[in-house]
Amino acid sequence: MTRSSIALVLLLAINTTASAATEIRDSEMSTMKEKLGTVSVNIKNGTFNEAAKALSLAAHEKGASFFHITSLERVGMSSNIRATAVVYK
């Protein structure tokens, strides 16, 4: 297991509600003024919920308060998850 994988697992194990970005829906995007860019994550043997939590942490690390998931998919026939999101201040 690589150091980044271990770090991600540890970050996911910590309660992230106090230091994570908030997911927004399509209807809330019109109120977002400052787009910071995008983030992406790859979760090995993960779930969609784990991917969403990892996106939230990645958005927070980029200085974002909000994120909107643009893709969330299984990689091939595996249980790996790939996800991307647009992040906002």
Side-chain angles (χ1 to χ4, degrees):
M1 190 177 260
T2 66
R3 285 185 181 196
S4 60
S5 296
I6 292 169
L8 180 60
V9 169
L10 291 174
L11 286 173
L12 289 173
I14 298 171
N15 182 358
T16 59
T17 56
S19 63
T22 303
E23 182 180 357
I24 58 172
R25 305 289 180 210
D26 288 336
S27 60
E28 299 168 296
M29 287 181 57
S30 64
T31 62
M32 295 294 115
K33 303 262 188 275
E34 189 176 346
K35 180 179 173 182
L36 296 177
T38 61
V39 293
S40 63
V41 296
N42 291 302
I43 307 297
K44 187 173 182 170
N45 298 321
T47 65
F48 291 127
N49 284 337
E50 290 171 332
K53 287 179 185 178
L55 284 172
S56 178
L57 289 173
H60 177 73
E61 288 174 1
K62 198 166 186 173
S65 297
F66 304 97
F67 69 101
H68 177 70
I69 297 175
T70 54
S71 70
L72 186 63
E73 62 189 1
R74 291 215 178 270
V75 180
M77 296 298 291
S78 72
S79 59
N80 299 338
I81 305 289
R82 179 175 37 224
T84 59
V86 177
V87 295
Y88 299 92
K89 191 85 171 156

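Values reported hereafter were calculated over all heavy atoms of this structure, with side chains retained and with hydrogens, waters and symmetry mates removed. Computed from a predicted model, the values in this text were never measured in an experiment. Residues: numbered from 1 along the sequence shown.
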For [X] against [Y], the heavy-atom pair lying closest together:
X: A59; Y: V87; answer: CB-CG1, 3.4 Å
X: A21; Y: A64; answer: CB-O, 3.8 Å
X: S27; Y: S30; answer: O-OG, 3.9 Å
X: L72; Y: A83; answer: CD1-CB, 3.6 Å
X: K89; Y: F66; answer: O-CD1, 3.8 Å

Under 3.5 Å: donor-acceptor pair, side chain of H68, backbone of V86: no
Evaluate the side-chain contact (heavy atoms from CB on, under 4.5 Å) criterion for residues T38 and T84: first the C-alpha distance (whole Å), next the side-chain angles of each, then the deciding distance (0.1 Å), finally the verdict. CA-CA 7 Å; T38 61; T84 59; 5.9 Å; no
Quick check: is V75 connected to I43 through a chain of hydrophobic side chains (ILVMFWY, heavy atoms under 4.5 Å apart)? no
Taking atom [atom1] of [X] and atom [atom2] of [Y], what is their separation to the nearest 0.5 Å?
X: F67; Y: E23; atom1: CZ; atom2: CD; answer: 4.5 Å
X: N80; Y: N45; atom1: CG; atom2: CG; answer: 5.5 Å
X: R82; Y: R74; atom1: CZ; atom2: CZ; answer: 12.5 Å
X: K53; Y: T47; atom1: NZ; atom2: OG1; answer: 7.5 Å

I69 vs L55 side-chain heavy atoms within contact, under 4.5 Å: yes
Can you tell if the side chain of E50 reaches within under 4.5 Å of the side chain of I81, non-hydrogen atoms only? no
